[in-house]
Number of protein chains: 2
Amino acid sequence: MQSIIDILKENDIAPSMQRIKILEYLKNYKTHPTADMIYQALADEIPTLSKTTVYNTLKTFTEKGILMALYLFSNEVHYEYNTQPHIHFQCTKCNKIYDLYQSFDHYNNDLIDGHKITEYHINLKGICKNCLEKGK
Amino acid sequence: MQSIIDILKENDIAPSMQRIKILEYLKNYKTHPTADMIYQALADEIPTLSKTTVYNTLKTFTEKGILMALYLFSNEVHYEYNTQPHIHFQCTKCNKIYDLYQSFDHYNNDLIDGHKITEYHINLKGICKNCLEKGK
DNA sequence: TCCATTTTTATAATGGTTACAAATAAGTAA
DNA sequence: TTACTTATTTGTAACCATTATAAAAATGGA
Ligand SMILES: [Mn+2]
Ligand SMILES: [Mn+2]
Ligand SMILES: [Zn+2]
Ligand SMILES: [Zn+2]
C-alpha cells in the first residue's frame with residue numbers, strides 16, 4: 001500500500017501540499033474530473049489554490065504517467081489515476097462516466113495494418129442502467 | 001450514387017453553396033479535418049466564407065447525422081462524412097489519422113453491465129507504418 | 001542566515017468555439 | 001415584377017478551457 005507521498009517521490013516530484021491534495025483527490029474520487037472540477041473541489045480546503053497550479057500539476061502527473069488524460073465527448077480533458085486498462089462509457093442523459101472492465105480482443109495485439117499500437121482508448125456512449133430504470 | 005444536393009435535401013437542409021462545398025469537401029477528402037482546416041481549404045474558392053458558417057454548418061450536419069464529430073487526442077473536434085463503423089488510429093509522430101476497419105467483437109453487443117450502448121468510439125495511438133519505416 | 005532553486009500564484013494571452021445581431025439571399029403571394 | 005417574410009450568411013464580440021509569463025512565496029542546502 002503506497003502512500004501519495006511515496007508515489008510522488010518515486011516519480012521525482014517534490015511532494016508539495018498542492019500536489020499531494022490533487023493526487024489524493026484523483027486517487028480517492030474516481031469520477032474522471034476535469035481540471036476545473038478538481039479546482040472547485042479543493043478550493044475550500046486550499047483557499048490560495050490557483051487554477052494554474054492545478055493545470056501545471058495535472059500536466060506533470062500526466063507526463064510522468066501517474067495520470068491518464070481522457071478525451072471523451074467534449075473539449076474538456078478528464079483525468080484519472082492510472083490503474084489497469086479499462087473502457088469508458090458516458091451516459092448521454094446524466095453525463096456520468098462509467099468504468100467498464102470488459103476485455104477486448106485487441107488489447108493484446110500491438111500491430112494493426114503495420115502500425116504499432118501503443119494506446120487503446122475505447123469510449124462508449126449510450127444510456128446508463130440508472131437512467132434506463134428511471135425512464136420506465 | 002447520391003449527389004451532395006440530394007443528401008442535403010433528404011435531410012431537410014437547403015442546399016446553399018456554402019453547405020454544398022463543405023459537404024463536398026468532407027465527402028472527397030477523408031482526412032478528418034477540423035473546422036479550421038475546412039475553412040482554410042475553402043477560403044480561396046469562397047472568399048466571403050465566414051468561419052461561423054463553417055461551424056454552423058458542421059453543427060447542423062452533425063445533428064442530422066450526416067457527419068460524425070470525432071474527439072481524438074486534443075481539444076479540437078475532427079469531422080468526417082459518415083460511412084460504415086470503423087476505428088481511428090492517430091500517429092504520435094506525424095499526427096496523421098488513419099481509418100482502420102478491424103472488426104471488434106463488441107460492435108454487435110448493445111448491452112454492457114446493464115447500460116445500453118449506442119455508440120462505439122475506438123481511438124488508437126501509436127506509430128504508423130510510414131513513420132516506423134522512416135525511423136529505421 | 002544567505003542564497004539559489006523550485007513551486008505557486010495572479011494575470012494576461014491564446015485558441016477553439018458559440019452568441020448575437022446586422023446584412024444578404026431565397027422563397028412566396030399578390 | 002414587387003413587397004414581404006423567412007432562411008442563411010457574415011463579422012464581431014463573447015466565452016471557456018488551457019497555456020504563457022513573470023512576480024511572489026516556499027523550500028532546501030551551504
Ligand atoms: Mn476510468
Ligand atoms: Mn474515419
Ligand atoms: Zn445516466
Ligand atoms: Zn506517422
Side-chain angles (χ1 to χ4, degrees), chain A residues 4-5 7-9 11-25 32-64 66-80 95 97, chain B residues 4-5 7-9 11-25 32-64 66-80 95 97:
Chain A
I4 302 285
I5 292 174
I7 296 170
L8 293 173
K9 283 182 179 168
N11 286 278
D12 298 313
I13 301 168
S16 71
M17 186 258 284
Q18 289 84 345
R19 287 167 174 167
I20 291 168
K21 294 290 182 192
I22 290 171
L23 186 51
E24 196 173 55
Y25 184 85
H32 312 85
T34 62
D36 188 65
M37 290 171 185
I38 296 167
Y39 172 78
Q40 297 300 336
L42 298 180
D44 284 342
E45 198 180 350
I46 314 169
T48 60
L49 182 66
S50 160
K51 205 174 268 190
T52 303
T53 299
V54 176
Y55 278 105
N56 288 341
T57 302
L58 292 172
K59 193 184 178 197
T60 303
F61 288 179
T62 304
E63 283 169 356
K64 296 281 187 177
I66 299 173
L67 297 183
M68 176 77 79
L70 304 178
Y71 296 87
L72 300 176
F73 305 110
S74 78
N75 318 58
E76 297 172 276
V77 185
H78 294 259
Y79 291 89
E80 74 177 343
N95 287 319
I97 298 163
Chain B
I4 301 286
I5 291 175
I7 296 170
L8 293 173
K9 283 181 179 168
N11 286 279
D12 297 312
I13 299 167
S16 71
M17 185 259 282
Q18 289 83 345
R19 286 167 174 168
I20 292 168
K21 293 291 182 192
I22 290 170
L23 185 52
E24 195 173 55
Y25 183 84
H32 312 86
T34 62
D36 188 64
M37 289 172 186
I38 296 168
Y39 172 77
Q40 297 300 336
L42 298 179
D44 284 340
E45 199 179 352
I46 314 169
T48 61
L49 183 64
S50 159
K51 207 175 266 191
T52 301
T53 299
V54 177
Y55 277 105
N56 288 342
T57 303
L58 292 172
K59 193 185 178 195
T60 303
F61 289 179
T62 304
E63 282 168 358
K64 295 281 185 176
I66 299 174
L67 296 184
M68 176 76 80
L70 304 178
Y71 296 86
L72 300 176
F73 305 109
S74 79
N75 316 59
E76 296 172 276
V77 186
H78 294 258
Y79 291 88
E80 74 176 344
N95 288 318
I97 298 163

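Numbers restart at 1 for each chain; the letters A, B, ... are given by sequence-line order, proteins then strands. Computed from a predicted model, the values in this text were never measured in an experiment.
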Non-hydrogen side-chain atoms of [X] and [Y] separated by less than 4.5 Å:
| X | Y | value |
| --- | --- | --- |
| A:I38 | A:L58 | yes |
| B:D12 | B:K64 | yes |
| B:L49 | B:Y39 | yes |

Starting at [atom1] of [X] and ending at [atom2] of [N], how long is that distance when rounded to a whole Å?
| X | N | atom1 | atom2 | answer |
| --- | --- | --- | --- | --- |
| B:I22 | D:dT10 | CD1 | C1' | 13 Å |
| A:L72 | D:dA17 | CG | P | 15 Å |
| A:Y39 | D:dC16 | OH | P | 16 Å |
| B:M17 | D:dT10 | CE | C1' | 12 Å |
| A:L8 | C:dT6 | CG | C1' | 15 Å |
| A:K21 | C:dT7 | NZ | C1' | 17 Å |

Reading 5' to 3' through nucleotides 9-19 of chain C, protein heavy-atom contacts under 4.0 Å coded B for base, S for sugar-phosphate only, - for none = BBB----SBBB
Between B:I20 and B:I4, which heavy-atom pair has the shortest distance, and what is it?
->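 Scanning both residues completely, I find the closest heavy atoms to be O-CG2, 3.8 Å.
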Going by the side-chain contact (heavy atoms from CB on, under 4.5 Å) test, name the single residue among A:L8, A:N11, A:I7 that passes it with A:F61.
->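 Exactly one pass, corresponding to A:L8.
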With sequence neighbours left out, what residues match A:F73 under ring-ring contact (aromatic ring centres under 6.0 Å, His included)?
->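 A:F73 satisfies ring-ring contact (aromatic ring centres under 6.0 Å, His included) with B:H121 only.
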At under 4.0 Å, does any side-chain N or O of A:S16 touch on OP1 or OP2 of C:dT6?
->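 No, A:S16 has no side-chain N/O under 4.0 Å of OP1/OP2 on C:dT6.
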